[in-house]
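Chain letters run A, B, ... following the sequence lines, proteins first and then strands; every chain starts at 1.
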Amino acid sequence: MSPKDDDPAGAGIRDRGMSWHNATAVTSTVDKKRAPFPVEFYRSAIGKKWIMAISGLAIIGFAIAHMIGNLKMFLPPVDGEPDIDVYGHALRELFTPIFPEHSFLWILRTGLIVMFAFHVHAAYSLTVMNRRARQQGYEGPVSYVSANYASRTMRWSGVIFLAFLFFHLADFTWGIQPAAPEAWERGAVYANFIETFSRPPVTFLYIVAMVLLGIHLYHGIWSMFQSLGINNPRFNKWRRYLASGLSVVISLGFVVPVLAVVFGILE
Amino acid sequence: MQLESKVPDGPIAEKWENHKFSVRLVNPNNKRKFKIIIVGSGLAGASAGATLGELGYDVELFTFHDSPRRAHSIAAQGGINAAKNYHNDGDSVFRLFYDTVKGGDYRSREANVHRLAEVSLNIIDQATAQGVPFAREYGGLLDNRSFGGAQVSRTFYARGATGQQLLLGAYSALMRQVDAGKVKLHTRSEMLDVVVKDGRAVGVVVRDLITGAVTSHPAHAVVLATGGYSNVYYLSTNAMASNVTAIWRAHRRGAAFANPCYTQIHPTCIPASDEFQSKLTLMSESLRNDGRIWVPKNANDKRPPNQIPEEDRDYFLERMYPAFGNLVPRDVASRAAKRMVDSGKGVGPLENGVYLDFASAIEREGDAAVEDRYSNLFEMYNRITDEDPYQVPMRIYPAPHYTMGGLWVDYNLMTTVPGLYSIGEANFSDHGANRLGASALMQGLADGYFVLPSTIGDYLADFLGDPVLPVDDPAFSAVEGEVSERVNGYLETKGSRSVDWFHKELGKIMLDHCGMSRSSAGLDKALSDIPALYEEFKTDMRVPGVNESLNQSLERAGRVDDFFELAQAMCVDALYREESCGGHFREEHQTDEGEALRDDENFAHVAAWLWTGDASQPDLVKEELEFENVELTTRSYK
Amino acid sequence: MNITLQVWRQGGPDVAGGFKTYQVNEISEEMSFLEMLDILNERLVNQGEEPIAFDHDCREGICGTCGVMINGQAHGPQLGTATCQLHMRKFADGATIVVEPWRASGFPLVRDLVVDRSAFDRIIEAGGYISVDTGSAPDANLIPIPKMVADTAFDAAACIGCGACVAACPNGAANLFTAAKISHLNLLPQGQAERWTRTENMVEIMEEYFGSCTNHGECEKACPKSISIDFIAMMNADYVKAKFKNRRLVSQT
Ligand SMILES: Cc1cc2nc3c(=O)[nH]c(=O)nc-3n(C[C@H](O)[C@H](O)[C@H](O)COP(=O)(O)OP(=O)(O)OC[C@H]3O[C@@H](n4cnc5c(N)ncnc54)[C@H](O)[C@@H]3O)c2cc1C
Ligand code: HEM
Ligand code: HEM
Ligand code: SF4
Ligand code: F3S
Ligand code: FES
């Protein structure tokens, strides 16, 4: 049993120390009845962090693809139909007729949803764990040397982004008002796009969200390597560059078409 | 009372082997029926705890530290000796034995020292197997450095933190036994007395430093591994908490205290910077490998070191001792430095140091090489003094460092109280009147890993099947009573001065009169000043707070109390020993060049003292020292 | 120099604590931080007040006993320096210095600035050793170890167990301490036999007492031995491997 369960302050560790002669408690981890390996692994914080990194990576992959997709806003229409609509359509038809329409997209979506689920759940339970690890916080001011704004706000940038995400889906995919514009129409991605961003508050929201995402990734991408144990003093400094670079590219890549609408380059 | 050293007969090289064969053993499944209490978790205590646990004994280990890993052994820097002769420079068990006896100025017990040299080999193997990251050469094999008092490279080291790495090794072995349930650990628990019944040690009385609870702990045998008492000088290189209490209270219960006046003053320490200094920091002696020690030739030459040209410098060790140069033994180096400073040639703001210069080494091998060897020592020096040893020479001065004296033990490491053992720096050790560098770690681990585990069975064998004394036995309650009385006494004195103030005053007296050089006049003065101050201490100390919670002033009160009694024993012993040997230098006994003058006629013996109730009037018992394998010569390092 | 101290005073684990302000005048900047506290304590005793309880022993930055938060930084402003090695010359004359104990549920407070770090011993107990009974060791030079490996192992082994990493970590995680010990042993050939069980067991005990690492890197900066968080990455990798390896070993038996 974890000391934090039986005594919140973690007090009395020493008392346990006094009776270390029945110390089986400690290495019992070897002989204790174990759950199936993946469950075991996910139970540990290091395992959770590992899953976070993997899921984070997957989501990054999606985000990049998505970002590129959005840049198609700039491509000229294909015989009357906006390129991005064609693309959106193509996505739905992906691998048809091998797969029935939409089905493969759903496979991708489920994958994505699962990734988000893991990422968020891990984030949540680690946060709880860390709260428990310091019930009595510092009373005086704390000055950080290395921990930066990004690293300390991961959970916030994350959560807020999650909220945005639901809004975002309601806006574009589900077409639920007031998130979606009146003129929303399934499949008409280009039109919806223009519509949405002709609403200044929404535009503002999106831009803020993308900045948050950038911040999240600034720490996330660097942190990912550490969590996965991919580490080599020789290329460690490149991890930093990669994180900074990629996070900027992604958030910019998303924001550009939006601004294009705002400044009437796209209409 | 007679002192029986129990040294087995036979040729020196076979004594230990024969002895191991002749001692009685306890068979494996009987071992768990014996409870052994170990006090102390330093190299000696931790290694003994681990090994006895592995053997199957039921061990309880006490330390006043919050973790066994904090023991003062952790601070050892330089290295540990072993006669491996990996470098084929003519080293051998016999040479290590010889060097140690000679270095100890022929005041140690031959048989013990030879045994020490023998097991030194196994220690390195054991530590390496535990994962101690000793320094290695590019070939992947172990590296060695040379150390004071030796002309071969036999010192194994782990950067500047050999003691730390060795202790962590012993500590991890100990924790393995704790995990296995063989060793029960009591941290922040200070042993305040040994319980003796029918002339045997039957347990200890301990105070829990957090709750103040005083409890009894019975055992079949008690082992004291509680370290040295250099802190009697207040300012020393020892950790702040190092103290004499455990062995002193054992002494008061009948254990003879041997050679209390044998103390070592270490040459390479950072000089005090002001009177608030709480402790002195040692710069490992290994620095003397590459550092050259000098002072300005001319006493009133106040130029900064770098502006003093070679011809105006006096490399006094190289001048006085061409053969060993800067690598003469500690006592010799220390006294030479003292003479320089006393003659007004001291350097630094308070003119209380000599230079230790790395310029030529850096010139010879470059910054990198020097950094590789001493980086952490240089950093430490820089942190403390704000000076950069790569640029300006270090300033060093001798400081109390190690105590060769301690509880008298026989060849089995048992004190004069049956069932009470003492290992490590706490016993009067194998170092005679002076300890060579890198040999204390060796001795602590030898005692704990190899010697005690083989000898303790011989005593225990008699008590197979006997249960330990019940804690409610009057013998325990009586001692518990005395201990509580003592503790409350400190709290109730409610005088006007802090315990530390008295400790500082005591330290000054000891440093002046029983330090690097001693005279009958000075010792007499000390013997009149100390009791006076002691009286004041008893009536005028102020210990705030209560017993029932962590109370650090209260802890110190007890320790300083015992230092006061020890200090008197030291002076008595120093006064009695009408000769100069090793760390003990009597001004009345020196050659014309100021070298120590031994008197083998009358003083080739161990002076062990028995408690009489009056600290200044102990009874003397002698153990004559026979030297069959090294003939006594005046140590010459010229 | 003169300084103002704000020190956390707390009689014991169960009583409420708070900051108390002390004016400490006429101290020299040659003094170490702890010597400054000594002086304050001396003065407190003379005024009949209870001195401030703080842990310390070697005062050479090696035993790991000392350690307090100084102006919100574990071991104070000077990087790679334990509290006992910090000197007053690092502070401005007239400065106000806030002193607090380590704060972590795994380090219950004992009194004033003293906390109980035995949770660290529990982590070591779980596998921070190489199982070799005394006497059973082969010759030390039997297994050559590349200098670089030995040196890296030492870098990890340099940990003094002070707990500053936990104190500094925004999550109260002990990953640097644990990683240092695991890496020290896992890097060496002698440590291979128990490598995977060691990693698994030590990590699991660690997580019983402490928070999780989200790679803030604060610990590395607070560490008096400047132990690198690269070792944490090493531990993470070994932990995942251990999860597979241990299974495989079990299934083979
Ligand atoms: C700065 C420095 C550098 C050194 N460098 C070297 C070196 O390079 N080479 C070398 O060979 N030697 C060196 N030495 C000497 C060597 O470190 C010590 O002699 C040796 O470590 C002593 O070990 P020990 O186990 O006997 O005692 P210690 O390590 O002092 O352990 C004493 C233990 O006893 C416990 N204890 C004491 N009293 C009580 C009590 N009343 N109740 C409960 N517990 C108690 C303490 O908690 C501690 O755990 C050095 C010493 C110093 C000070
Ligand atoms: C300015 C930023 C963004 C814009 C303009 C944008 C635009 C769009 C558009 C137009 C669609 C509808 C595509 C379709 O219906 O076929 C969509 C769907 C989606 N977007 Fe975004 N997006 C942005 C950022 C993000 C980010 C950062 C994420 C998450 C990482 C994200 C996740 C999704 C998801 C999950 C869908 C649903 C895809 C599906 O239909 O399964 N979006 N987005
Ligand atoms: C959906 C809501 C999200 C929440 C609640 C969330 C929360 C978190 C938290 C708390 C962390 C841990 C911080 C750390 O360990 O360093 C984290 C890490 C990370 N997140 Fe998110 N995040 C979210 C969305 C995202 C998205 C959309 C991406 C990618 C586009 C992402 C990528 C990452 C990465 C790469 C990491 C680093 C993982 C690691 O350090 O092992 N996250 N996230
Ligand atoms: S890792 Fe550094 S900070 Fe943490 S305990 Fe070890 S030495 Fe202290
Ligand atoms: S500060 Fe804490 S989050 Fe990890 S990197 Fe260090 S343990
Ligand atoms: S007191 Fe030992 S590390 Fe600070």
Side-chain angles (χ1 to χ4, degrees), chain A residues 1-4 7-14 16-17 20 23 25-27 29-30 37 40-41 44-50 52 126 129-148 151-152 154 219 222-233 236, chain C residues 6 8 13 18-19 69 71-73 79 98-100 103-109 116 118-119 121-122 125-127 168 170-173 175 197 200-201 203-205 207-218 220-222 228-230 232-240 243-244 247:
Chain A
M1 178 166 63
S2 140
K4 291 161 205 141
D7 45 30
I13 289 174
R14 178 163 167 281
R16 226 175 263 97
W20 281 2
V26 174
T27 37
T29 36
V30 197
F37 155 53
E40 268 293 318
F41 182 58
S44 77
I46 290 184
K48 286 200 180 71
K49 280 292 301 187
W50 203 78
M52 281 194 96
L126 287 183
M129 177 179 185
N130 297 342
R131 287 274 153 75
R132 277 247 238 64
R134 183 172 285 136
Q135 274 122 334
Q136 156 70 297
Y138 288 103
E139 303 278 334
V142 177
S143 54
Y144 294 106
V145 185
S146 142
N148 52 34
S151 71
R152 280 181 285 123
M154 285 304 269
H219 177 67
W222 178 85
S223 168
M224 195 166 62
F225 291 94
Q226 196 73 5
S227 304
L228 293 173
I230 303 169
N231 175 295
N232 179 333
N236 278 352
Chain C
Q6 286 186 341
W8 184 265
F19 282 110
M69 291 300 266
N71 290 336
Q73 275 177 284
L79 295 192
V98 184
V99 187
E100 236 185 306
R103 302 255 189 219
S105 309
F107 291 165
L109 185 134
D116 173 2
S118 19
D121 294 316
R122 306 265 298 164
E125 197 186 322
N171 308 338
N175 290 53
T197 44
E200 220 176 345
N201 294 338
V203 165
E204 275 156 32
I205 296 302
E207 292 183 352
E208 270 191 20
Y209 292 103
F210 299 99
S212 80
C213 173
T214 59
N215 309 315
H216 286 297
E218 202 60 29
E220 175 184 74
K221 293 286 181 288
S228 162
I229 56 173
D230 293 353
I232 296 183
M234 205 182 279
M235 171 173 76
N236 292 339
D238 270 16
Y239 185 71
V240 180
K243 281 293 178 187
F244 291 96
R247 287 263 152 332

Closest non-hydrogen atom pair between [X] and [Y], with its separation:
X        : Y        : value
A:Met129 : C:Phe210 : CE-O, 3.3 Å
A:Gln226 : C:Ile232 : NE2-CB, 4.1 Å
A:Phe41  : C:Lys243 : CD1-CG, 3.7 Å
C:Lys221 : A:Ser146 : CG-CB, 3.7 Å
C:Ser105 : A:Gln135 : OG-OE1, 2.6 Å
C:Ser212 : A:Ala45  : CB-CB, 3.7 Å

- request: Select, from C:Ile229, C:Val98, C:Leu79, the one with the greatest count of heavy-atom pairs under 4.5 Å involving chain A.
  value: C:Ile229

Measure the [atom1]-[atom2] distance between [X] and [Y] for me, rounded to the nearest 0.5 Å.
X        : Y        : atom1 : atom2 : result
C:Met69  : A:Tyr138 : CE    : OH    : 3.5 Å
A:Glu139 : C:Trp8   : CD    : CH2   : 4.0 Å
A:Asn130 : C:Cys213 : CG    : SG    : 9.5 Å

- prompt: Is there side-chain contact between C:Asn236 and A:Leu228, with at least one heavy-atom pair below 4.5 Å?
  reply: no

field: Non-hydrogen side-chain atoms of A:Val145 and C:Gln73 separated by less than 4.5 Å
entry: yes

field: Interchain contact, A:Arg152 with chain C, by part (heavy-atom threshold 4.5 Å)
entry: both

- prompt: Between A:Asn236 and chain C, which part of the residue has a heavy atom less than 4.5 Å away: side chain, backbone, both or neither?
  reply: side chain

Given that the side chain runs from C-beta out, which part of [X] has a heavy atom under 4.5 Å from chain A: side chain, backbone, both or neither?
X        : result
C:Asp238 : neither
C:Glu100 : side chain
C:Val203 : side chain

Residues that C:Asn215 engages under side chain to side chain donor-acceptor pair (under 3.5 Å), provided they are two or more places apart: A:Ser223, A:Ser227

Does [X] use its side chain to pair, donor to acceptor, with the backbone of [Y] at less than 3.5 Å?
X        : Y        : result
C:Glu207 : A:Ile46  : yes
A:Arg134 : C:Arg103 : yes
A:His219 : C:Thr214 : yes

task: Starting from the C-alpha separation in whole Å, work towards a yes-or-no answer on side chain to side chain contact (heavy atoms under 4.5 Å, CB included) for C:Tyr239 and A:Trp50.
output: CA-CA 10 Å; C:Tyr239 185 71; A:Trp50 203 78; over 6 Å; no

message: Only pairs of heavy atoms separated by less than 4.5 Å count here; which of A:Ser44, A:Pro141, A:Pro233 has the most with chain C?
response: A:Ser44

